[in-house]
Amino acid sequence: MPAETKLFPCLKDNYGVLIHDSATGATAAIDAPEAAPVEAALKETGWKLTDILVTHHHGDHTGGIAELKGRHKCRVVAPHAEAGKIPLVDETVREGDKVSVGKLTANVIETPGHTAGHITFWFHGDKLAFAGDTLFSVGCGRVIEGTPEMMWASLLKLRDLPGDTRVYCGHEYTLANIRFAQTIEPNNRALAARAKQAAEQIASGKPTIPTTIDEEKAANVFLRADVPAVAAAVGLAGKSAAQVFAEVRARKNKF
Ligand code: ZN
Ligand code: FE
């Protein structure tokens with residue numbers, strides 16, 4: 001049976017999301033920004049929390065773990081490299097490991113850069129990816145613990161997923177990301193279409209995610225650092241994609 005998902009806002013601009021296997025009743029929260037909205041989503045769906053899958057150690061992704069685990073006795077799965085910074089971890093995972101949520105299976109993809117041990121959960125059978133703060137809709141996370149080269153390599157791994165993979169990310173940053181992307185690619189028609197669509201979604205109180213890998217390839221300037229026109233737009237024609245990515249990321253930090 002296909003996975004069901006439930007997306008909901010948390011904190012200031014975070015998203016929480018549940019993934020549910022109706023065959024077994026298993027339900028995982030992808031990250032736990034805070035407990036109350038997760039509880040509200042569980043109540044609304046009638047699902048029972050069995051697992052928390054953690055993408056990285058930041059507090060806005062882990063702050064609800066202790067309270068949720070205390071109440072639901074759920075399993076906490078976290079990146080191996082960050083287990084010491086995440087509360088109440090039961091299992092740690094690395095690149096290539098598989099995580100079961102009932103009969104659903106996620107592949108673990110290491111996507112460091114935002115943090116040194118950040119991981120993405122890819123439910124390939126359901127064409128779903130939970131990218132935390134690595135890939136955003138029309139953006140990417142700040143490179144805090146890694147290098148631009150590391151982050152670019154992580155983004156390439158995600159870009160290589162099947163184009164129809166639906167991507168859930170950790171924050172609603174889409175409109176600001178689009179405003180920035182348009183400073184570099186003012187004539188990108190896919191980006192202009194996303195700008196219109198996202199403005200309508202936000203105006204009607206809807207989230208702009210999930211997005212898809214194909215949509216991001218077309219509109220997300222951070223995934224387009226190897227497009228010659230993007231390199232030229234930031235004055236780095238002929239330079240490596242990693243160098244172009246680093247420059248685009250640096251400009252976003254100052255935007
Ligand atoms: Zn983060
Ligand atoms: Fe975050």
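Read the numbers this way: they start at 1 and go in the same order the structure lists the ligands and their atoms. These figures come from a predicted structure and were not determined experimentally.
Under the 4.0 Å criterion applied to side-chain N and carboxylate O atoms, R75 and D90 are not assigned as salt-bridge partners. Look at R194 and E216 and you find a salt bridge, because one of the NZ, NE, NH1 or NH2 atoms lies within 4.0 Å of a carboxylate O, short of that distance. Between E247 and R251 a salt bridge is recorded (basic side-chain N to carboxylate O distance below 4.0 Å).
Side-chain polar atoms of D133 and H56 form a donor-acceptor pair below 3.5 angstrom.
Between the side chain of E82 and the backbone N or O of H57 there is at least one donor-acceptor pair closer than 3.5 Å. Side-chain atoms of E185 do not come within 3.5 Å of backbone N or O of V230 as any donor-acceptor pair.
The minimum distance between the Zn ion (ligand 1) and any N, O or S atom of H58 involves atom ND1. Its N, O or S atom nearest to the Zn ion (ligand 1) is what matters here, and for D133 that atom is OD2.
The aromatic rings of W47 and H20 sit parallel to each other, their planes meeting at less than 30°, with 60° as the upper class boundary. Below 30°, between 30° and 60°, or above 60°: for Y173 and F136 the angle between ring planes is above 60°, a perpendicular geometry.
Protein atoms that are N, O or S and lie under 2.8 Å from the Fe ion (ligand 2) are these: D60 OD2, H61 NE2, D133 OD2, H171 NE2.
With 2.8 Å as the limit, H118 does not count as an N, O or S neighbour of the Zn ion (ligand 1). D60 lies apart from the Zn ion (ligand 1) in this respect, since none of its N, O or S atoms is found at a distance under 2.8 Å. Among the atoms of H61, none of the N, O or S atoms falls under 2.8 Å from the Zn ion (ligand 1).
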